[in-house]
Amino acid sequence: MVSSPYGHKYYNINLLFKHIIFYFVTFVGAVIFFILVVLHTFASEISDIEYKYNYIQNQYQNLINKHIDLSAQISNKKEETMLVADKIEELEGVIGISNNNNNYGLKSRVEIASITGLQKLFIMKFFPNGYPLNTYKRISSPYGYRIHPLSNTKEMHTGTDLAADVDTPVYATADGVVDFAKSGWNGGYGTIVKLDHFFGFKTYYAHLNSIVVNRGDFVRKGQLVAYVGNTGASSGYHLHYEVRFLGSHIDSKNFMDWNMSNFDKIFDKEKNVAWQSLLMTINNLMQQTPMEQQLLLLGQGLRVN
Ligand SMILES: [Zn+2]
């Protein structure tokens, strides 16, 4: 009850409190509801972002995998291309094609420096090199055009003439097989021995006095085949030594001067031989032959010369 000069007024405190509590509870309830709604919204948005993040992460991983896969494929292709290029180069070597217009492009293909000592030994055993005589007086007539001592006309001299005493021993300049061994005129060659070597090479030993091998005999480098004479179109005791490649005579002097210490000189001097493809073939041949067999092969005949 509140008193004033005009009288008394009554207030119901209990009812007033009830009203205040009602509003308060309603307010707090509303606030909590609001917070819950906001939290729920945030939560669903976070899970949405998480989902998107995972999705992108997956796609990224897929791209990385694809990239790795493609890289592997590219390097495989590169390897294949290189192998094909190697094969082409090998084939070019074997069939004698070169980029340098019939200059055989030796330097650009098989590096001379890469030829092993064993390969050199192999080549020096099976290809004509060195002199067919241990002793001779002089080169009485070189390879090339000359005035013939008997006919007095200009003609091609197809070999190198070595003036020597009668019956000076004549040795094979490489391993090979006796293709022809006959006494007589033989087209001016006189008594002659023709040897067949590997890879298209032949050697002729002409104007002989006598022969010690027969057609079909296999001979080693340095083996005695005949003795110097003066038969056929000859004006004195001498050996006519001829080197042939694919049926054509080539400068025998180049091959006589050829040895291990000047091994690569001949590749520049003698342009009629496709040295590149020849070396390539020997290279491949020796790679397919076990080392022991190579040594065995070379061991025979290395004692002589
Ligand atoms: Zn001659």
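Read the numbers this way: they start at 1 and go in the same order the structure lists the ligands and their atoms. In this chain, numbering begins with 1 at the start of the sequence shown.
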Let me check your reading of the structure: within less than 2.8 Å of the Zn ion (ligand 1), is there an N/O/S atom from H238?
no
Among the N, O or S atoms that H240 has, which is closest to the Zn ion (ligand 1)?
ND1
Could you tell me if the side chain of V170 sits less than 4.5 Å from the side chain of L208, heavy atoms only?
yes
Any side-chain donor near an acceptor of the partner, H40 and S44, under 3.5 Å
no
Would D161 count as a contact for the Zn ion (ligand 1), in the sense that one of its N, O or S atoms lies under 2.8 Å from it?
yes
Under 2.8 Å from the Zn ion (ligand 1), can any N, O or S atom of H157 be found?
yes
Inspect the contact between D196 and R215 and indicate whether a charged nitrogen and a carboxylate oxygen are less than 4.0 angstrom apart.
no
Any Lys/Arg nitrogen of D175 or K221 sitting under 4.0 Å from an Asp/Glu carboxylate oxygen of the other?
no
